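Take a look at the structure set out below.
Counting starts at 1 for both ligands and their atoms, following the listed order. This one's a predicted model, so the numbers in the text were calculated from it and none came from an experiment.
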Amino acid sequence: MGRVQDKVAIVTGAGNGMGRAISQLFAEQGAAVAVTDISEKDGAETVRLIEEAGGKAAFWRLDVSDEAAVESVFGQVADRFGKVDILVNNAGISGVDKPTDQVTEAEWDTVFAVDVKGVFFCTKHAIPHMRRNGKGSIVNLSSIYGLVGSHEMAPYHAAKGAVTIMTKKDAATYGRENIRVNSVHPGTILTPFVREVASRGEGGLRGYLDIMEPKHPIGHVGEPEDVAYAVLFLASDEARFVHGASLTVDGGYTAV
Ligand code: ADP
């Protein structure tokens, strides 16, 4: 028996990095995974990797900032797999790396459309399916920057802060319906994207790690799988009394 055996899980932004790792782990643990992403190529590759490993998955192209598309795709997932047990709101963009006084309105709106409205639309249209099912679990990918500040990425901080408090608000609203809502707050995670950007910087990947590792009490940075295990726990019935929680996955970065 897997830890999410026979559950149906929708994962947004499942074509890369953490979304892919979450999808692969869920499938390995017995779930049927609705792999959704704005990129058809990346999402299809996630499905290929899952099927190659003997798991169950299907791809839907989905831009989470398009409400009509979210409603339609979630209906199709329920038709195809029979129900919706789990929603992982992972799709996100980090946007411009600027302080508040340098950010344009358009740059702000771009990040909020995906990172905040996307979570809103997906939650809104998952709830009726979970209600029909009598239970559900929603895991929102926020960030350590939805809990603490840093120097740059102003819209991203604000957006992830919104996701942190939406999680607690939705927990207050939907708990009595047996729909749990929690957030995960990754710190420095060595996704393929971060790895590539770091490799191009001065000193390469090693130089990046030499700066980052000492900042982490645990002595190293994270991998996408580290986030996936936290999401798996919250999504599974093992976390049946965990509700409205903010779980950091950051090697102690924000603890000190
Ligand atoms: P991480 O690995 O940190 O989750 P990535 O940027 O690698 O970050 O992955 C985020 C995923 O979200 C990507 O696969 C990307 O295609 C997807 N994505 C970005 N914008 C949207 C959107 N509007 N709707 C759905 N998926 C999106």
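- Protein neighbours of ligand 1 below 4.0 Å, counting non-hydrogen atoms: G13, G15, N16, G17, M18, D37, I38, L62, D63, V64, N90, A91, G92, I93, V114, T191.
- Taking all atoms of both residues into account, the shortest heavy-atom contact from T123 to D170 is CG2-OD2, 3.7 Å.
- The closest donor-acceptor contact from the side chain of T188 to the backbone of V221 lies at 3.5 Å or more, if one exists at all.
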Indicate every side-chain donor-acceptor pair of residues 194-203 with a distance under 3.5 Å to a residue at least two apart or in another chain.
| from | atom 1 | to | atom 2 | distance (Å) |
| --- | --- | --- | --- | --- |
| E196 | OE2 | R200 | NH2 | 2.9 |
| S199 | OG | R195 | O | 2.6 |

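- Salt bridge annotation for E45-K41: absent, with no cationic side-chain nitrogen under 4.0 angstrom from a carboxylate oxygen.
- Applying the under-4.5 Å side-chain rule to Ile, Leu, Val, Met, Phe, Trp and Tyr, the cluster around M153 extends to I144, Y145, L147, V148, Y156, Y253.
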Would you list the atom pairs, donor with acceptor, under 3.5 Å between side chains in residues 22-31 and any protein atom, with sequence neighbours excluded?
| from | atom 1 | to | atom 2 | distance (Å) |
| --- | --- | --- | --- | --- |
| S23 | OG | G19 | O | 2.8 |
| Q29 | OE1 | R3 | N | 3.0 |

